[in-house]
Student: 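Here it is, the structure, as structure tokens.
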2 protein chains.
Amino acid sequence: MKHTEGLEWAIHSCSLLAMVPTDFPLPARLLAEFYDLPEPYLAKQMQKLSVAGIVETRRGPQGGYALARQATEITLLQIVEAIDGAERHFVCTEIRRCGPTGVEDRFYTRPCGIARSMWRAEAAWRKELAAVKLSDIQKLGEDETPAEQAAKAIAWFQGKLQKG
Amino acid sequence: MKHTEGLEWAIHSCSLLAMVPTDFPLPARLLAEFYDLPEPYLAKQMQKLSVAGIVETRRGPQGGYALARQATEITLLQIVEAIDGAERHFVCTEIRRCGPTGVEDRFYTRPCGIARSMWRAEAAWRKELAAVKLSDIQKLGEDETPAEQAAKAIAWFQGKLQKG
DNA sequence: GGGCATTTACTCGGATATGATGTGTCCGAGTCACGGGGG
DNA sequence: CCCCCGTGACTCGGACACATCATATCCGAGTAAATGCCC
């Protein structure tokens, strides 16, 4: 029970994409270099975000990734589910039906109480994540780091793109 | 991001242990046979519960596992953390400090906003699980299955133990 | 000089190895119950 | 007949293979820009 490490990278990358204009795509190569991450694996995470419709891709020179919609329209839950999957964490294999006390399937109309309890907790978790928008993440980031950091980051990307 | 399968077995086993008197230990062999599960692996889960202090063990003939305290004093969260671990699901490696915009460590006094958001969701999840007691699970189980099921299960265990 | 076809370089996307963790299994340590012998 | 000791069977506990998934990587498909050529 642990989130994949790529999830952290994906969220940070989305936060970076939210800083730059939508028509200013960032290639995976630069994102990886910015955070000092293995580039091909980060690209795989971005690919998942692309499949989920969170980011748009643009191929060829001056291409890269850009947010598919405004940062206010992207929730943390959407990013997490894009990377780690949207299926339930707790799977109920209905083992209560096995064993000497199991009865016919038609008697089990509702999921078992254990699964319901686990799923209720998951619902609370999802609700919290769905309440956080990417724009909120960005605002938190601005509060905790010097203000000129964002401008410095954008300048770094622009310099890298023009030089190449 | 998925719970281990052994978690389901552990919760169901605890629910079974809550049905029988505390001085009526159930061996892992019978628990596995009851649910038709691989016995050694279920034993590993029970071992984790034992380390966590949720169940007591009794060796030798007529031995087995029994709840270490009343079902009203055991929460679902305790069981889940005993099996899947109590550490946080989302780990923050502080990649914000890397890259060209990173500054000295002393400027980062608080965890980054991404980690805080993820952890807040986890806290909501834990809160829900902590609110569910093993006795609640048991009551849910009684509501959804015929009343005589519990008695049948206990009779099955008693028969198995006397026969052996 | 302007427009167009070609080339080129750069990007993403899926197929492919490797390592860690969950899954499944086995054998030894410990303990209680039973049975036999002695008092 | 009762008590004690030795034996045995049954239990848990930790050490040991295997499978699956996350991690890390590579090469081909696609595209926009730049270039050179023709008009």
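Naming convention: chains lettered A, B, ... in sequence-line order (proteins, then strands); numbering from 1 in each chain.
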Student: As a quick check of understanding, evaluate side-chain contact (heavy atoms from CB on, under 4.5 Å) for A:W125 and B:E128, giving each step before the final call.
Tutor: CA-CA 9 Å; A:W125 176 77; B:E128 285 287 330; over 6 Å; no

Student: In this structure, how many angstroms lie between the C1' atom of D:dC10 and the CG atom of B:L26, rounded?
Tutor: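 Answer to the nearest Å: 15 Å.
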
Student: Contact class for A:P40 vs. all strands (heavy atom < 4.0 Å): base, sugar-phosphate, or nothing?
Tutor: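 Base contact.
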
Student: Provide, to the nearest angstrom, the distance between the CD atom belonging to A:Q62 and the P atom belonging to C:dC10.
Tutor: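 Computing the A:Q62:CD to C:dC10:P distance gives 10 Å.
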
Student: For the pair made of CD in B:Q45 and P in C:dT23, what is the distance, rounded to whole Å?
Tutor: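 Value for this atom pair: 8 Å.
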
Student: Rounded to the nearest Å, what distance is computed from the CZ atom of residue B:R58 to the P atom of nucleotide D:dA9?
Tutor: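 Roughly 20 Å, once rounded to whole Å.
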
Student: Does D:dC12 have OP1 or OP2 under 4.0 Å away from a side-chain N or O of B:S50?
Tutor: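 Indeed not, no polar side-chain atom of B:S50 lies that close.
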
Student: Using atom CG of A:L42 as one end and atom C1' of D:dA24 as the other, report the distance to the nearest whole Å.
Tutor: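 Distance check: A:L42 CG to D:dA24 C1' gives 12 Å.
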
Student: Tell me if the centroids of the rings in A:F34 and A:F157 come within less than 6.0 Å of each other.
Tutor: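 Close enough - the centres of the two rings lie under 6.0 Å apart.
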
Student: Looking only at side-chain atoms of B:T4, point me to the closest of C:dG22, D:dC12, D:dT25.
Tutor: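 In terms of side-chain proximity for B:T4, the closest of C:dG22, D:dC12, D:dT25 is C:dG22.
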
Student: Scan B:K44 against the nucleic acid and name what it touches under 4.0 Å (heavy atoms): base, sugar-phosphate only, or nothing.
Tutor: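 Here B:K44 touches the bases of the nucleic acid.
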
Student: Where the side chain of B:P27 is concerned, which of D:dC12, C:dT16, C:dT25 is the nearest nucleotide?
Tutor: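 Per side-chain heavy atoms of B:P27, the pick is D:dC12.
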
Student: Within the structure, does a side-chain N or O atom of A:Y65 lie under 4.0 Å from either OP1 or OP2 of C:dG13?
Tutor: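 Affirmative; the distance criterion is met.
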
Student: Considering only NZ, NE, NH1 and NH2 on the basic side and carboxylate oxygens on the acidic side, decide whether A:R97 and A:E94 come within less than 4.0 Å.
Tutor: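 Salt bridge present between A:R97 and A:E94.
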
Student: When you check the phosphate oxygens OP1 and OP2 of D:dG13, does a side-chain N or O of B:T57 lie under 4.0 Å from one of them?
Tutor: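 Answer is yes, contact under 4.0 Å.
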
Student: Tell me the interatomic distance from A:D84, atom CG, to D:dT23, atom P, rounded to whole angstroms.
Tutor: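 Going from CG in A:D84 over to P in D:dT23 covers 9 Å.
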
Student: Of all the heavy-atom pairs spanning B:L67 and B:A18, show the shortest one and how long it is.
Tutor: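 That would be CD1-CA, 3.7 Å.
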
Student: Using a heavy-atom cut-off of 4.0 Å across all strands, would you classify B:A43 as base, sugar-phosphate, or nothing?
Tutor: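 No contact.
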
Student: Given C:dT11, is OP1 or OP2 found less than 4.0 Å from the side-chain N or O atoms of A:R29?
Tutor: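 Affirmative; the distance criterion is met.
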
Student: For A:R59 and for A:E39, locate the closest nucleotide of DNA chain D by heavy-atom distance; then report the residue assigned to the nucleotide nearer the 5' terminus.
Tutor: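 Its nearest nucleotide being more 5', the pick is A:E39.
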
Student: Closest heavy-atom contact between B:K133 and B:A71?
Tutor: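 Here B:K133 and B:A71 meet closest at CB-O, 4.1 Å.
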
Student: What is the separation between atom CG on B:L37 and atom C1' on C:dT23, rounded to the nearest whole Å?
Tutor: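 It is 13 Å, rounded to the nearest whole Å.
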
Student: Specify the separation, in whole Å, of atom CD of B:Q47 and atom C1' of C:dC27.
Tutor: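 B:Q47 atom CD is separated from C:dC27 atom C1' by 14 Å.
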
